[in-house]
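Below you'll find the structure, written out as structure tokens, and then a few comments.
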Amino acid sequence: MVDAITGFVVGKMGNYLIEEASILMGIKDELEELKAELTCIRGYLKDVEAREREDEVSKEWTKLVLDIAYDVEDVLDSYNLKVEERSQRQGLKRLTNKIGEKIDAYNIVSDIKTLKRRVLDVTRKRETYGIGNSNEFRTGEGTSSFLTMRQLRRARSVDQEELVVGLEYDFKFLLEKLLDDNGDQNRYMISIFGMGGLGKTALARKLYNSDNVKTRFSYRAWTSVSQVYKTREMLLRIIRSLGVASGEEMEKIKILAEEELEVYLHGLLQGKRYLVVVDDIWEREAWESLKRALPSNHKGNRIIITTRIRAVAEGVDQRVYAHELRFLTFNESWELFEQKAFRNMQRVDEDLQKVGKEMIKKCHGLPLAIVVLAGLMSRKRPNEWNGVCASFWRRLKDDSVYVSTVFDLSFKELRYELKLCFLYLSVFPEDYEIDVEKLIHLFVAEGFVQEDGEMMMEDVARYYIEELIDRSLVEAVRTERGKLKSCRIHDLLRDVAIKKAKEVNFVHIYNDQQSSTTCRREVVHHHLDPYSCEIRVNKRMRSFLFFGERNRTLWGLVKPITLKLELLRVLHLEGLHLPDVIGELIHLRYLGIADTFISNLPAFISNLRLLQTLDASGNDSITKVTDLRRLTSLRHLMGRFVGDLLIGDAVNLQTLRSISSYSWIKLKQELLINLRELEIYDSVPTFRLSSESEEAVRFKTLVKLTLRCDIRRLPKDMDFIFPSLESLKLVGLHLEEDPMPSLKKLQRLEDVILDSCYFSGEKMRISEQGFGRLRKLVFYIDGLDELQIEDEAMPSLMELKLRTRGRQMKLMIPDRLRAVLDPPYIKSSPRV
């Protein structure tokens with residue numbers, strides 16, 4: 001792993017030499033030499049870390065290299081910080097800049113010379129003790145792997161078929177248990193238990209997504225628990241998963257107290273037939289905390305839980321069937337391995353089959369170990385299989401292979417960027433559903449990814465995540481429009497990631513006892529006390545992340561001393577108060593202040609000139625003027641900016657949600673050449689989304705648009721304004737005309753959502769022309785008397801949801817679309 005850290009620092013040095021050439025003129029040669037030395041050392045590191053077992057001398061040597069790599073990063077970042085501080089000085093303070101430049105230049109030259117002496121000393125130690133062999137390089141570090149990665153986009157949706165080889169009987173048996181009530185309409189529980197990695201979650205998800213289950217249970221919900229859980233968070237996940245609350249309603253629901261959420265959920269499910277899956281329970285109390293919110297209304301409701309613990313599975317309720325998962329047989333193990341490992345091969349010879357079967361025998365039927373091994377072998381050429389197998393044998397313990405063993409094999413094959421990205425996943429809590437958009441923003445802010453040709457950094461980061469999924473190191477959870485929206489890491493693999501991250505001071509998870517004074521990243525899960533805040537004075541820290549529930553009592557717990565961390569790049573304060581000291585963190589790239597109870601952004605935000613992502617979502621409307629004109633590096637801006645929002649050079653901006661229509665009109669829209677996602681909030685009654693002016697701007701890169709404005713009619717030339725639009729959401733609009741004739745011209749449109757809208761006409765009609773790619777159509781709309789969909793319209797549609805209040809609309813749709821129509825509507829819709 002030290003080679004990954006060193007590779008990261010070497011890459012960072014290269015970026016400094018290119019981007020900061022003007023401020024490094026006096027030390028450029030020294031820095032080039034240091035970079036060359038570290039590059040050579042990294043070659044030896046690869047060899048050392050490729051060994052099955054490192055000797056003590058090699059371990060100590062790699063620690064020395066790790067310390068040097070981190071110190072190089074500190075010296076460069078500190079120097080860059082001082083340059084940035086001088087550039088922000090005003091008035092008489094600017095007169096001291098020349099003196100400061102000379103002092104800083106002298107200091108950094110001295111620091112780099114000291115680092116060079118340490119590097120030479122490390123090199124001598126390597127030669128003296130015969131550590132490593134620079135001629136032996138492993139595969140997996142070249143660009144060919146990245147090119148292959150670009151062709152592999154296999155993110156699986158939570159609604160797609162799960163690979164449950166060997167569990168076919170279990171699936172059929174449990175499906176009968178779910179569907180057959182034998183005349184008993186009382187609530188019934190099924191618990192699936194067994195050791196980690198057997199496929200409990202995969203089996204539960206396959207049951208959850210079964211067509212028969214979707215038809216039987218109009219209301220389905222999924223929530224995860226884990227060892228550390230919050231009842232309020234579980235209730236929110238269930239409500240969100242049910243999908244019956246609109247986006248506007250969910251914003252109001254999120255601020256309810258736990259008791260209020262219980263009452264709301266109970267009322268939502270009262271009189272309904274529902275299925276709820278509670279994944280990864282560790283203690284009975286977790287279920288007890290949820291039970292009050294789930295009514296026993298004699299509708300044949302079902303609960304599925306998954307757990308590793310037999311006592312929990314059997315004792316969670318009086319009316320429970322406990323189902324224990326077994327290990328796979330050899331034939332089942334081979335089938336699972338074969339489906340993944342050989343998918344890229346046109347021909348598989350007997351030798352490859354023999355090698356594969358020898359390795360599979362040692363996995364002893366554990367599915368997680370098998371799929372991780374298959375993910376590794378799927379990227380190997382046939383002539384590399386025997387070498388991997390030999391390494392596999394050397395790692396055997398007690399004639400068995402463990403998940404950590406297979407993981408080590410796969411992990412060593414990753415490029416250094418992927419190693420960093422995988423270990424970074426250890427910052428998230430157990431069983432956490434990771435928002436991929438947030439993860440991408442964090443990867444970019446941390447500096448783990450660089451632009452690759454015409455690909456933006458966000459696209460490169462997305463490919464990294466998809467490669468980790470392809471290798472079965474990360475699990476895809478949810479996709480939209482074929483694009484990955486959320487993912488998770490299996491508990492067993494997360495444990496290994498935490499261990500490795502701790503070994504190299506990459507991530508420290510606060511545990512109530514101590515806070516690291518040397519680690520680069522610190523994360524707090526769910527809890528934060530004043531004592532921990534007082535001692536967090538790690539000057540080397542690059543990232544501080546807090547994951548917990550929204551809680552006003554935590555407002556004052558982050559003391560100013562906690563965040564006087566000049567080199568901080570990432571600050572994620574989910575649910576915490578926003579300290580003023582943040583204005584001094586001018587090195588910051590990512591500021592996550594979602595759900596922090598703020599109503600306005602403080603003026604000091606304008607000091608953060610290097611900021612790339614500002615996430616203020618989940619807060620009240622920001623009504624005062626927000627001046628971000630100095631933030632020229634801003635790429636992603638999230639928050640409800642109802643007041644004036646001032647943005648300067650917005651050429652880098654990709655995400656803007658949401659801006660008031662008043663501010664949008666005044667914005668220099670022609671500068672938004674990279675804008676991909678836009679949300680406009682109401683404020684101007686006469687707002688028009690139209691290209692009637694000769695100066696109208698085309699948003700060629702925009703793929704997602706949300707309008708919460710007072711727009712009565714959509715412009716007829718939507719296809720000219722938004723030629724690349726894939727997703728359109730209209731919220732709270734009072735439509736006077738049928739919007740479908742305008743929308744059908746958008747050739748790339750895949751999602752259309754009308755949320756809390758009102759239609760003053762009588763009929764909407766979707767013709768056979770257009771909507772060729774549309775996959776999802778959602779109508780939460782009042783006032784609509786009739787919806788007609790022609791026979792050949794929307795050939796790609798996979799999801800159709802219709803909700804109205806008051807009178808029932810007349811629904812005229814072809815029979816083929818009734819299969820994708822949301823079940824609650826089917827019962828009351830007339831057939832045509």
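Numbers here are sequence positions counted from 1.
- Contact annotation: the side chain of M638 approaches that of T613 to within less than 4.5 Å [non-hydrogen atoms, C-beta and beyond].
- Between the CG atom in L591 and the CG atom in L568 there is a gap of 9.5 Å [rounded to 0.5 Å].
- Rounding to the nearest 0.5 angstrom, the gap separating the CG atom in L571 from the CE atom in M541 is 10.0 Å.
- Between the side chain of E233 and the backbone N or O of K230, no donor-acceptor pair lies under 3.5 Å.
- The backbone N or O of S599 sits nowhere less than 3.5 Å from a side-chain atom of D620 that would complete a donor-acceptor pair.
- Atom CG in D615 sits 9.0 Å away from atom CG in L637 (nearest 0.5 Å).
- Figure legend: R698 and F722 shown without cation-pi pairing, the cationic atom not lying both under 6.0 angstrom from the six-membered ring centre and within 45 degrees of its axis.
- Counting only distance, with no hydrogens or angles, the side chain of S426 and the backbone of I498 share no donor-acceptor pair below 3.5 Å.
- In this structure, L423 and V507 approach most closely via the heavy-atom pair O-CG2, 4.4 Å.
- At a threshold of 4.0 Å, the pair R657-E437 counts as salt-bridged, since one of the basic side-chain nitrogens sits closer than that to a carboxylate oxygen.
- Using a cutoff of 4.0 Å between basic side-chain nitrogens and carboxylate oxygens, E73 and R520 are scored as salt-bridged.
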### Message
Go through it in stages, so that I can follow the logic: the residues are E726 and K704, the test is salt bridge (charged side-chain N to carboxylate O under 4.0 Å, His left out), and I'd like the CA-CA distance, side-chain angles, deciding distance and then a yes or no.
### Response
CA-CA 6 Å; E726 297 176 3; K704 187 173 183 179; over 6 Å; no
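- Summarising the local packing, NZ of K485 is surrounded by more than 12 heavy atoms from other residues, nucleotides or ligands at distances under 6.0 Å.
- Applying the salt bridge (charged side-chain N to carboxylate O under 4.0 Å, His left out) rule to pairs touching residues 659-670 yields D644-K666, sequence neighbours excluded.
- Looking only at atom types and distance, the side chain of S543 has a donor-acceptor partner in the side chain of E446 under 3.5 Å away.
- Between L672 and L702 the shortest side-chain heavy-atom distance does not fall below 4.5 Å.
- Looking at residues two or more places apart in sequence or on another chain, you find a salt bridge (charged side-chain N to carboxylate O under 4.0 Å, His left out) between D77 and K12, R542.
- Atom OG of residue S727 and atom CG of residue L705 lie 8.5 Å apart, to the nearest 0.5 angstrom.
- Judged by distance alone, with hydrogens and angles left aside, the side-chain atoms of S756 form no donor-acceptor pair with the main-chain N or O of V731 at under 3.5 Å.
- The shortest non-hydrogen separation linking L631 to I605 is CD1-O, 3.6 Å.
- Qualifying side chain to side chain donor-acceptor pair (under 3.5 Å) partners for D71, counting only residues two or more places apart in sequence or in other chains: R118, R540.
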### Task
Under the side chain to side chain contact (heavy atoms under 4.5 Å, CB included) rule, what do E522 and I509 come out as? Steps first, then yes or no, please.
CA-CA 6 Å; E522 181 140 314; I509 299 177; over 6 Å; no
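- Within the 4.5 Å cutoff, no side-chain heavy atoms of S606 are placed close to those of D627.
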### Task
Give the intermediate values and the outcome of side chain to side chain contact (heavy atoms under 4.5 Å, CB included) for residues I647 and L656.
CA-CA 11 Å; I647 301 175; L656 177 56; 4.2 Å; yes
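- Under a 3.5 Å cut-off, the side chain of R462 and the backbone N or O of L484 do form a donor-acceptor pair.
- Note that CD1 of I753 is 5.5 Å distant from NZ of K729, once rounded to the nearest 0.5 Å.
- Using a 4.5 Å heavy-atom threshold, the side chains of I465 and I440 count as touching.
- The distance between the ring centers of F443 and Y464 does not fall below 6.0 angstrom.
- Checking side-chain atoms of N674 against main-chain N and O of N652 turns up no donor-acceptor pair under 3.5 Å.
- A donor-acceptor pair under 3.5 Å is absent between the side-chain atoms of D755 and the main chain of Y780, judged by distance alone.
- The shortest side-chain heavy-atom distance between N619 and I598 falls under the 4.5 Å cut-off.
- Scanning both residues, Q669 and W664, for their nearest heavy atoms gives NE2-O, 3.0 Å.
- Here the shortest heavy-atom pairing between K624 and N600 reads N-OD1, 2.8 Å.
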### Task
For side chain to side chain contact (heavy atoms under 4.5 Å, CB included), just list the numbers for F699 and I673, CA-CA rounded to whole Å, side-chain angles, deciding distance to a tenth of an Å, and then say yes or no.
CA-CA 7 Å; F699 297 94; I673 58 174; over 6 Å; no
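- Side-chain contact between R478 and E433 is present, with heavy atoms from C-beta onward closer than 4.5 Å.
- Looking at E458 and Q654, their side chains do bring a donor and an acceptor atom within 3.5 Å of each other.
- Between Y70 and T518 the shortest side-chain heavy-atom distance does not fall below 4.5 Å.
- When atom types are taken as modelled, the side chain of H587 and the backbone of L608 share no donor-acceptor pair closer than 3.5 angstrom.
- In this structure, a donor-acceptor pair under 3.5 Å is absent between the side chains of Q612 and S633.
- Between R712 and H734, the shortest heavy-atom distance links the atoms CD-O, 3.0 Å.
- Separating the CG atom in L678 from the OG1 atom in T706 is a distance of 8.0 Å, to the nearest 0.5 Å.
- A perpendicular orientation is assigned to the rings of Y424 and F428, their planes being inclined by more than 60° (bins at 30° and 60°).
- Taking the side chain as every heavy atom from C-beta outward, I680 and C709 approach each other to under 4.5 Å.
- In this structure, H572 and Y590 have parallel ring planes: the angle between them is below the 30° cut-off, well short of the 60° mark.
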### Task
Evaluate side chain to side chain contact (heavy atoms under 4.5 Å, CB included) for E566 paired with L585, printing each intermediate quantity in order.
CA-CA 5 Å; E566 294 180 333; L585 304 178; 5.9 Å; no
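- Between R676 and D459, at least one side-chain nitrogen of the basic residue sits less than 4.0 Å from a carboxylate oxygen of the acidic one, meeting the salt-bridge criterion.
- At least one donor-acceptor pair under 3.5 Å links the side chain of R569 to the backbone N or O of A445.
- Heavy atoms only, all atoms of each residue included: V10 and K35 are closest at O-CE, 3.8 Å.
- In this structure, R232 contributes its side chain and L261 its backbone to no donor-acceptor pair below 3.5 Å.
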